[in-house]
There are 2 protein chains.
Amino acid sequence: MDAEARQHRLELLTDRSAASGLPVTAQRRAVLETILDMNNHPSADQVHAAVLAKMPEVSRATVYRSLDTLVDFGLLVRLCHPGRVARFDPRTSAHHHLICLRCDAVRDFEDERLNQIDPPDTSSHGFALQDLRVQLRGVCSACLEKENTT
Amino acid sequence: MDAEARQHRLELLTDRSAASGLPVTAQRRAVLETILDMNNHPSADQVHAAVLAKMPEVSRATVYRSLDTLVDFGLLVRLCHPGRVARFDPRTSAHHHLICLRCDAVRDFEDERLNQIDPPDTSSHGFALQDLRVQLRGVCSACLEKENTT
DNA sequence: TTAAGTGCAAAAGCTTTGCGGGTAG
DNA sequence: CTACCCGCAAAGCTTTTGCACTTAA
């Protein structure tokens, strides 16, 4: 994420905290700063490991709690993927993903045509639609190579 | 699932087992039969509970192992959703989902227009695309009501 | 001052695995 | 016969929670 967008996201933390009447703690800021610099859709544990580099005393529990709060604030998104551990994405605007069914890798996929899909009408289900994302499921290049080698 | 499709799926179990040189066990068949009759995208534990009704001695471990095998056979799909427990879907053909970000409900969504989306070219990423599914993320009717009540 | 947050350690789920005995092909 | 599977129980992971102390505002 570029410096300007990063800065803006950090300001949003201040705003959302004030709006909710919650304090801005050093730990929450560190978690947000850290994940803004990662682009692998990290798990909570990966975030924790990365936060330790800049703040060696942070506990795992705090990272879990901070991630929850940041998701509530709308500063992060909890990803949908077939694996068993929660993963987080600092890109909150709707975009699309390549999902590897072998190794569970999740990779951003940019496609103008997919962005322009008109959201369908979900009101007959009483459903309040927030965003539309396309999952492109298949096998990633790394797993394909591994298969050919074996 | 209608009777004919259900029957066909059970025959596929025999075929895929033979193709892999694996035996068709009563337990695997029971797990498949059970999940074909559920349409709530159940978790492994929910499948286990349902299998117990027709086969009271099945262990949880066997259900987990059977579900894995059935996914390998392509008779089930592991769902993508924001929650923390694995959930399974006997509908293996690509279709779309309403995903509730509050309660994690996953509901099938039929839409002809979404079915007709042309898959993008993912070859530049070295990615072998298998299918395209749209996630419609938002808040389901049950959660909306709960919110209005509070 | 005070509501909220933090670290620690323990608990709580969900899922996987090692093992001895059983079974499909 | 042989490879694979089953049930059981234990272990493994990820995530949540209770508690005493600290901190942002």
Side-chain angles (χ1 to χ4, degrees), chain A residues 10-11 13-35 41-52 54-73 75-76 78-88 104, chain B residues 10-11 13-32 34-35 41-52 54-73 76 78-88 104:
Chain A
L10 287 168
E11 284 161 16
L13 172 59
T14 309
D15 297 350
R16 300 289 160 86
S17 298
S20 310
L22 300 180
V24 177
T25 65
Q27 288 87 342
R28 274 211 282 256
R29 186 191 306 275
V31 168
L32 180 56
E33 279 178 358
T34 302
I35 197 170
H41 309 94
S43 66
D45 206 54
Q46 289 173 312
V47 174
H48 179 231
V51 171
L52 284 181
K54 63 176 68 163
M55 192 181 263
E57 303 301 309
V58 186
S59 73
R60 209 179 302 265
T62 295
V63 171
Y64 275 96
R65 283 183 287 227
S66 298
L67 289 169
D68 270 354
T69 306
L70 294 171
V71 169
D72 280 350
F73 285 173
L75 302 179
L76 297 181
R78 201 180 280 271
L79 277 194
C80 299
H81 68 114
R84 38 231 133 269
V85 317
R87 295 170 66 177
F88 298 86
D104 223 43
Chain B
L10 286 167
E11 282 161 17
L13 172 59
T14 308
D15 296 350
R16 300 291 161 83
S17 298
S20 310
L22 300 180
V24 177
T25 65
Q27 288 87 341
R28 275 211 281 256
R29 185 191 305 275
V31 169
L32 179 56
T34 301
I35 198 169
H41 308 96
S43 66
D45 206 54
Q46 291 173 312
V47 174
H48 179 230
V51 172
L52 285 181
K54 64 177 68 164
M55 192 182 260
E57 303 301 309
V58 186
S59 73
R60 212 179 301 267
T62 295
V63 171
Y64 275 98
R65 282 184 286 226
S66 298
L67 289 169
D68 270 355
T69 306
L70 294 171
V71 169
D72 280 351
F73 285 174
L76 298 181
R78 204 179 277 271
L79 277 194
C80 299
H81 68 114
R84 37 226 139 273
V85 317
R87 295 169 65 179
F88 299 86
D104 224 42

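All values below were derived from every heavy atom in this structure, side-chain atoms included, with hydrogens, water molecules and symmetry-related copies excluded. So that the names make sense, note that chain A is the first sequence line, chain B the second, and so on, each numbered from 1.
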Handout entry: Protein-nucleotide distance (H81(B), atom NE2; dC14(C), atom P), rounded to Å
Key = 12 Å
Problem - Sub-4.5 Å side-chain heavy-atom contact between R87(A) and D104(A) - result: yes
Practice task
Enter the distance from M55(B):CE to E57(B):CD here, rounded to the nearest 0.5 Å.
Solution key: 10.0 Å
Completion exercise
Whole-Å distance, R29(A) CZ to dG5(C) C1', equals 15 Å
Problem - Rounded distance (nearest 0.5 Å) linking atom NZ of K54(A) with atom OG1 of T34(A) - result: 3.5 Å
Exercise for the section: Send over the distance from H48(A) NE2 to dT14(D) P, rounded to a whole Å. Expected result: 13 Å
Handout entry: Contact summary for P23(A) and S17(A), nearest pair of heavy atoms
Key = O-OG, 4.3 Å
Practice task
May I have the distance from D72(B) (atom CG) to dC4(D) (atom P), rounded to whole angstrom?
Solution key: 14 Å
Completion exercise
Separation of dC8(C) atom C1' from L52(A) atom CG, nearest Å, is 14 Å
Completion exercise
Under a 4.0 Å heavy-atom criterion, the protein footprint on nucleotides 15-25 of chain D, written with B, S and -, is BBBB-----SS
Exercise for the section: Ignoring backbone atoms, establish whether Q27(A) has a side-chain N or O less than 4.0 Å from OP1 or OP2 of dG7(C). Expected result: yes
Donor-acceptor pairs are to be reported for all side-chain atoms of residues 59-70 of chain A against protein atoms at under 3.5 Å, with residues two or more places apart or in another chain.
| from | atom 1 | to | atom 2 | distance (Å) |
| --- | --- | --- | --- | --- |
| S59(A) | OG | T62(A) | N | 3.2 |
| S59(A) | OG | T62(A) | OG1 | 3.1 |
| R60(A) | NH1 | D45(A) | OD1 | 2.3 |
| S66(A) | OG | T62(A) | O | 2.8 |
| D68(A) | OD1 | R78(A) | NH2 | 2.7 |
| T69(A) | OG1 | R65(A) | O | 2.9 |

Practice task
Rounded off to whole Å, could you give me the CE-to-P distance for the M55(B) and dT23(C) pair?
Solution key: 12 Å
Problem - CG on L76(A) to CD1 on I35(A), rounded to 0.5 Å - result: 4.5 Å
Practice task
Can you see which heavy atom on L75(A) is nearest to which on L13(A), and at what distance?
Solution key: CD1-CA, 3.7 Å
Problem - For atom CG of L13(A) and atom C1' of dG5(C), their distance in whole Å - result: 14 Å
Handout entry: Sub-4.5 Å side-chain heavy-atom contact between H48(A) and L52(A)
Key = yes
Problem - Contact check, side chains of H41(A) and H81(A), non-hydrogen atoms, under 4.5 Å - result: no
Could you pull out the protein-nucleic contacts involving nucleotides 10-12 of chain C (nitrogen or oxygen on both sides, under 3.5 Å)?
none

Exercise for the section: Would you kindly give the CG-to-P distance between L67(A) and dT6(C), to the nearest whole Å? Expected result: 11 Å
